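Read through the structure below, which is laid out as structure tokens, and then see the notes.
In what follows, chains carry the letters A, B, and so on, assigned in the order in which the sequence lines appear, proteins first and then strands, with residues in each chain numbered from 1. Since the model is a prediction, treat every value here as computed from it, not as a measurement.
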There are 2 protein chains.
Amino acid sequence: MTAPTVDTARFLADLHELRQIGRFKTGVHRPTYSPQDMESREWLMRKMAEIGLAPEMDGVGTVIGRGEGAGRRLLAGSHIESQNEAGWLDGALGVVAALALARSGLAVDPIAFADEEGHFDVGFLGSRSAIGDLTEAEIDGSRNRTDGTPLRAALKAAGLEGRPRLTLDPARYRGYLEMHIEQGTTLENAGERVGVVTGIVAIWQFRLIVEGAQDHAGGTTMAERRDAGLTAVRLLAAIDAEFPRVCGERSTWTTGRIALDPGAPSIIPGTADVLFQFRDVEIAVLERMEDCLRRLVQESNRRERCHTTIEVLSRAVPAVCDPGLMDALSAAAERLAPGAWRRMPSGAGHDAQNLARIMPAAMLFTPSIGGISHHWSEDTKEEDLALGVEVLFEAARSVLAG
Amino acid sequence: MTAPTVDTARFLADLHELRQIGRFKTGVHRPTYSPQDMESREWLMRKMAEIGLAPEMDGVGTVIGRGEGAGRRLLAGSHIESQNEAGWLDGALGVVAALALARSGLAVDPIAFADEEGHFDVGFLGSRSAIGDLTEAEIDGSRNRTDGTPLRAALKAAGLEGRPRLTLDPARYRGYLEMHIEQGTTLENAGERVGVVTGIVAIWQFRLIVEGAQDHAGGTTMAERRDAGLTAVRLLAAIDAEFPRVCGERSTWTTGRIALDPGAPSIIPGTADVLFQFRDVEIAVLERMEDCLRRLVQESNRRERCHTTIEVLSRAVPAVCDPGLMDALSAAAERLAPGAWRRMPSGAGHDAQNLARIMPAAMLFTPSIGGISHHWSEDTKEEDLALGVEVLFEAARSVLAG
């Protein structure tokens with residue numbers, strides 16, 4: 001009996017097949033529960049069935065393919081939906097890689113968690129649900145961030161209403177492996193081809209709501225006006241100036257949206273609605289950043305004529321990857337790409353951070369060309385994709401043999 | 001023969017009747033060419049016909065009611081559409097006041113100019129068209145600022161396609177009178193009831209487009225990122241700090257909209273699209289403000305990793321009101337509200353500023369409760385509305401008798 005090998009050509013062919021679903025330019029548009037997203041989930045279930053797995057889609061759209069056989073298995077995967085008009089790899093890569101491992105004969109259950117991308121405001125819907133950390137009440141209260149559709153309505157439209165939700169059994173698994181594009185330029189700039197992830201930053205998300213007074217932009221003097229947009233601009237400029245003093249070495253902070261209401265050229269904005277987030281791998285740093293944010297909002301409220309309130313949208317816990325799984329990934333990387341890999345933290349959030357709460361979890365990064373991510377032009381060299389799945393396969397084989 | 005008088009009860013009744021068209025809470029929602037807006041224009045034409053005027057709607061929706069009789073007449077009016085979910089008086093007040101003057105027997109042609117509110121990006125569509133300052137090419141290129149509908153498509157949907165556009169004949173008129181709410185608190189704070197407008201500020205409108213690089217908010221370090229939103233925030237904060245050094249006493253500047261693309265919580269904005277405007281009564285001040293804006297954008301482009309370009313949307317010319325018409329309004333105000341009126345500039349733009357380019361023009365302000373404007377809660381005391389139309393009537397009578 002020869003040792004099993006992973007079929008990289010078939011793996012790449014599967015990736016390109018999936019790329020056709022919701023194709024947008026060279027990327028894909030598969031927002032969660034869109035027809036394109038549901039089509040990709042059905043596609044995945046067919047692929048799972050073809051290789052002898054028992055596919056199942058749960059009440060939030062998470063797809064798992066369970067294999068048979070004695071002994072503990074590995075869980076592997078990622079997510080299959082995309083950001084709007086985004087890249088073809090992102091989550092799809094980790095799902096198709098898991099499929100390749102299962103096809104090779106390894107005791108791997110592939111999984112595609114729903115809405116890792118956070119189209120709905122609950123955040124990490126699928127993986128949080130699968131580890132038993134999502135209440136029905138949270139589902140009741142959740143809405144689509146783009147168009148406001150209630151999550152319940154979206155689930156119903158996607159035909160998922162009333163289906164039971166999957167709860168993973170940690171006793172079944174030795175751990176969870178997730179392959180993903182780096183979404184940065186660290187590997188590319190260093191001329192390296194594999195990243196073994198040491199930990200995953202936590203994202204703390206906030207909504208800053210500034211309340212002013214909507215008024216006519218001509219009739220109201222500068223001294224009289226309570227311009228919510230201007231208060232938001234001053235606050236965000238202050239954050240930009242202060243955060244470097246409290247942040248960690250690899251912290252990031254981002255204002256993704258500034259919505260001025262009503263948003264017309266001749267009306268002083270009555271409210272400003274700002275989506276703000278920061279990320280770090282250390283709780284202590286995250287807490288310092290939140291303290292700083294709260295102090296700056298307090299100062300703004302003392303200084304400005306518009307009042308700002310902070311709404312906490314989510315506060316995740318940073319995840320540390322499992323040393324045993326990291327060692328297996330590192331050994332495989334060194335064997336297949338000697339000297340061309342590194343250990344590194346993940347600046348982006350991933351489903352693995354939730355899985356790490358119930359079982360050993362680890363991640364492998366492939367380089368992103370130009371570091372581009374969440375955009376349709378996202379890409380990775382095919383030889384790097386193939387190398388990545390080979391490293392993942394070698395590591396999984398060694399873990400399952402151990 | 002008794003001297004004609006103005007029927008203030010009928011005037012108030014008309015205002016309340018018009019308020020029912022597109023009613024929203026205590027205000028109205030009559031965006032330009034919406035069914036509600038077109039209904040209000042039809043309503044106005046019926047009212048004009050009832051009092052013996054010949055009503056006519058032109059190719060952009062401007063409604064005029066011409067009366068018969070020898071001698072030069074007065075033109076009076078304003079606009080009838082509203083901002084979205086806005087106040088019941090605003091432009092409607094001046095139109096219904098003009099109707100009241102015509103009903104009283106004065107040689108007045110009431111007019112309602114289309115889209116003074118600028119739902120379409122051409123700006124002052126009706127009055128610019130009526131003074132012969134609007135090309136077909138400008139109409140071809142114009143779109144709705146809210147939903148992007150081409151102006152041509154909106155005109156077609158409103159049944160206006162192919163109708164000729166009105167061009168006013170200055171020789172027919174002694175001048176133009178427009179009554180309007182103040183949209184500020186100057187009169188209210190001083191306990192005054194009438195404002196005689198001395199001049200109308202010009203609005204200079206700009207679009208600031210910041211080009212960065214869309215990227216993942218976790219994978220991209222602070223040092224690598226080209227965050228268009230952050231560059232916009234820093235630029236707007238710099239404008240806020242610098243403009244007080246170059247502006248005039250009554251200048252205003254407003255950022256009405258900041259659109260970050262794609263506007264998602266975990267994506268670094270690749271572009272920021274900002275609507276910015278400033279206003280003053282003096283060309284020299286307006287030019288100083290534009291110079292300052294251009295200097296700040298230049299500095300930003302030297303300092304930042306994102307490039308900002310300035311697109312000029314419109315540059316209006318400030319208007320000076322006609323001394324003779326102002327004197328007639330002042331005399332009437334002093335007779336009917338002795339000591340409770342003042343001369344004052346208008347911080348808001350009005351159709352009168354375009355009319356002033358082809359005939360003598362003047363404006364009268366009534367107080368705005370709390371200075372609220374462009375919001376459904378906008379209001380004015382009924383006794384102030386009645387006093388306003390009486391002053392307008394007295395002034396018009398004296399001008400027509402002169």
Side-chain angles (χ1 to χ4, degrees), chain A residues 83-85 117-118 145-146 182-185 201 203 205 213-222 224-225 227 229-230 233-234 236-237 240 244 247 250-260 262-270 275 277 279 313 346-349 368 371-375, chain B residues 83-85 117-118 145-146 182-185 201 203 205 213-222 224-225 227 229-230 233-234 236-237 240 244 247 250-260 262-270 275 277 279 313 346-349 368 371-375:
Chain A
Q83 290 272 5
N84 294 323
E85 302 177 359
E117 293 293 5
R145 290 189 216 258
T146 305
E182 181 201 337
Q183 308 178 278
T185 54
V201 298
I203 310 178
Q205 304 211 62
Q214 180 179 325
D215 241 319
H216 187 286
T220 315
T221 61
M222 297 309 285
E224 285 168 330
R225 55 177 72 190
D227 182 333
L230 192 51
V233 160
R234 289 195 195 109
L236 294 171
D240 173 50
C247 72
R250 194 59 180 69
S251 305
T252 56
W253 55 95
T254 307
T255 298
R257 178 153 58 187
I258 304 172
L260 306 185
S266 285
I267 308 183
I268 299 165
L275 289 180
Q277 62 164 233
R279 301 171 184 229
L313 295 179
S346 169
S368 296
I372 293 166
S373 170
H374 286 183
H375 188 271
Chain B
Q83 289 271 3
N84 295 322
E85 302 178 358
E117 294 293 5
R145 290 187 216 259
T146 305
E182 182 202 337
Q183 306 176 278
T185 54
V201 298
I203 310 177
Q205 304 211 62
Q214 180 179 325
D215 240 317
H216 187 286
T220 315
T221 61
M222 297 311 284
E224 287 169 331
R225 53 178 72 190
D227 182 333
L230 192 52
V233 159
R234 290 196 195 108
L236 293 171
D240 173 50
C247 72
R250 193 60 179 73
S251 305
T252 57
W253 54 95
T254 307
T255 299
R257 177 154 55 187
I258 304 172
L260 305 186
S266 285
I267 308 184
I268 300 165
L275 290 179
Q277 63 163 235
R279 301 172 185 229
L313 296 179
S346 168
S368 295
I372 294 166
S373 169
H374 286 184
H375 187 272

Per-residue tally against chain A (heavy atom, under 4.5 Å) across Q277(B), E224(B), R225(B), H216(B) peaks at H216(B)
Relative to chain B, which of G263(A), G184(A), G349(A) shows the most heavy atom pairs under 4.5 Å?
G263(A)
With the side chain counted from C-beta on, respond yes when Q183(B) and T220(A) share a heavy-atom pair under 4.5 Å apart, and no when they do not.
no
Note: vs chain A, highest number of non-hydrogen pairs under 4.5 angstrom among N84(B), L230(B), I372(B) is L230(B)
So, the part of E85(B) with a heavy atom under 4.5 Å from chain A: the answer is neither
Any non-hydrogen side-chain atom of T255(B) less than 4.5 Å from a side-chain atom of V233(A)?
no
Is any side-chain heavy atom of R250(B) closer than 4.5 Å to one of T221(A)?
yes
Can you tell me how far OG of S266(B) sits from CZ of R145(A), rounded to the nearest 0.5 angstrom?
7.0 Å
Between P269(B), P262(B), P244(B), A217(B), which shows the greatest number of heavy-atom pairs under 4.5 Å with chain A?
A217(B)
Please report the interatomic distance CD1(I267(B)) to CZ(R257(A)), rounded to the nearest 0.5 Å.
11.0 Å
Could you tell me which portion of P265(B) (side chain, backbone, both or neither) has an atom closer than 4.5 angstrom to a non-hydrogen atom of chain A?
both
What pair of heavy atoms forms the shortest contact from Q214(A) to H374(B), and how long is it?
NE2-O, 2.8 Å
Heavy-atom proximity to chain B below 4.5 Å, by part of L236(A)
both
For the atom pair CG (D215(B)) and OG1 (T254(A)), what is the distance rounded to the nearest 0.5 Å?
10.0 Å
For each of G218(A), G347(A), A237(A), tally heavy-atom pairs with chain B at distances under 4.5 Å, and name the one with the top tally.
G218(A)
Under 4.5 Å, counting heavy-atom pairs only, tell me which of G118(A), A264(A), S346(A) racks up the most with chain B.
A264(A)
Tell me, side chain or backbone of T185(B) under 4.5 Å from chain A's heavy atoms, or both, or neither?
both
In the structure I gave you, are the side-chain heavy atoms of I268(A) and T252(B) within less than 4.5 Å of one another anywhere?
no
